[in-house]
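One structure below.
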Amino acid sequence: MGIKGADKGERKLSFVNKLYFPEIFKGMAFSGSHMFRKQVTISYPEQRPVLGPEFRGRPVLVKELGQERCVACGLCARACPPLAISMQASETEDPKERFPETFEINMLRCIYCGFCEDVCPEEAIVMSSEYDYNFKTREEAVYGKDKLLIDVAQLKPRLDFLAAKRNPDFGDTHDYDPKNNNHSVRDRKRLNA
Ligand code: SF4
Ligand code: SF4
């Protein structure tokens, strides 16, 4: 004798349903049909995925002409939602005038949102394609300039991607006179071109 009301709303099974074999064969047929489809998984880490420039991996600093593009304006730190970025600005005799004496990103906090990249006026911080890295302690997760600075040549696909996605109307309304902006590595390079 069953519990009173326990079968309320339950599906009534026919004799064939109660055998369960039809459902088992249906399931096996479904799994079997997938064996002949195009494989979409890879054997990571032996096989590495080919990621396009649209992928947002760990944020890095652009190194150009032997130094960082960053002018330590602090915008990225302001825009970073989890407060992962910190820096100490310093002055230099260089026409660039300012540079980050220290620049740190806490990779335990970073959520790969890309806001830092969006707001940077110098294209000095970009999202790289690097995604597999690890650390054993909290201290190790704080990346300094030694780990953040990457040569501009290695970041070209992402920089080209950003340039292609830039709003073409932006320049008409907000572009500046390059002659007034020779403070950064990028602008000096452009003026000397
Ligand atoms: S990607 Fe987002 S969370 Fe990570 S450092 Fe940049 S602004 Fe902060
Ligand atoms: S990375 Fe860009 S936004 Fe951040 S401090 Fe440097 S110049 Fe400013």
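Atoms within a ligand are numbered from 1 in the order they appear, just like the ligands themselves.
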Protein contact of [atom] - nearest heavy atom, named by residue and atom, plus distance:
atom: atom 4 (Fe) of ligand 2; answer: Cys76 SG, 2.3 Å
atom: atom 2 (Fe) of ligand 1; answer: Cys113 SG, 2.2 Å
atom: atom 3 (S) of ligand 1; answer: Ile111 N, 3.3 Å
atom: atom 8 (Fe) of ligand 1; answer: Cys80 SG, 2.3 Å

(message) Side chains of Asn106 and Tyr143: any donor to acceptor distance under 3.5 Å?
(response) no
(request) Indicate, with yes or no, if Tyr131 and Leu108 share a hydrophobic cluster defined by side-chain heavy-atom contacts under 4.5 Å among Ile, Leu, Val, Met, Phe, Trp and Tyr. (result) no
(request) Can you measure from NZ (Lys12) to CG (Asn17) and round to the nearest 0.5 angstrom? (result) 12.5 Å
(message) So, taking the atom named CG in Leu75 and the one named CD1 in Ile85, what distance separates them when rounded to the nearest 0.5 Å?
(response) 10.5 Å
(message) salt bridge (charged side-chain N to carboxylate O under 4.0 Å, His left out), that's the test. Do Glu122 and Arg69 meet it? Break it down for me.
(response) CA-CA 7 Å; Glu122 302 291 337; Arg69 274 186 181 178; over 6 Å; no
Would you mind running through ligand 1 and noting each atom that sits below 4.0 Å from a heavy atom of [X]?
X: Tyr112; result: 1 (S), 4 (Fe)
X: Pro82; result: 3 (S)
X: Ile85; result: 5 (S)

(request) For atom 6 (Fe) of ligand 2, state which one of Pro59, Cys70, Pro121 supplies the nearest heavy atom. (result) Cys70
(message) Suppose we only count N/O/S atoms under 2.8 Å; would Cys73 qualify as near atom 4 (Fe) of ligand 2?
(response) no
(request) Check ligand 2 against Ile125 and write out every atom of the ligand that is under 4.0 Å from a heavy-atom position of the residue. (result) 1 (S)
(message) Under a 4.0 angstrom heavy-atom cut-off, which atoms of ligand 2 come close to Cys120?
(response) 1 (S), 2 (Fe), 3 (S), 7 (S)
(request) With heavy atoms under 4.0 Å as the rule, classify the contact between Met87 and ligand 2 as side chain, backbone, both or neither. (result) side chain
(request) Mind checking whether Pro100 contacts ligand 2 via backbone (N, CA, C, O), side chain (CB onward), both or neither, at a 4.0 Å heavy-atom cut-off? (result) neither
(message) Other residues, nucleotides and ligands only: do more than 12 of their heavy atoms fall within 6.0 Å of CZ on Phe30?
(response) no
(message) If you count every heavy atom of other residues, nucleotides or ligands that lies below 6.0 Å from Phe115 atom CZ, does the total exceed 12?
(response) no
(request) Could you tell me whether Met127 approaches ligand 1 through its side chain, its backbone, both or neither, with non-hydrogen atoms closer than 4.0 Å? (result) side chain
(message) My understanding is that only one of Glu68, Glu104, Glu101 makes a salt bridge (Lys or Arg N to Asp or Glu O under 4.0 Å) with Lys145; could you say which?
(response) Glu68
(message) Looking at ligand 2, is there an atom of it that comes within less than 4.0 Å of some heavy atom belonging to Val71?
(response) yes
(request) Look at Glu117 together with Arg158 and state whether they make a salt bridge at an N to O cut-off of under 4.0 Å. (result) yes
(request) Output yes when Glu91 and Arg98 qualify as a salt bridge under the 4.0 Å nitrogen-oxygen rule, no when they do not. (result) no
(message) Between Arg56 (side chain only) and Met127 (backbone N and O only), is there a donor and an acceptor less than 3.5 Å apart?
(response) no
(request) Determine, using heavy atoms of Ala79 and all atoms of ligand 1, whether some pair is separated by less than 4.0 Å. (result) no
(request) Examine Cys110 and say whether one of its N/O/S atoms is closer to atom 4 (Fe) of ligand 1 than 2.8 Å. (result) yes
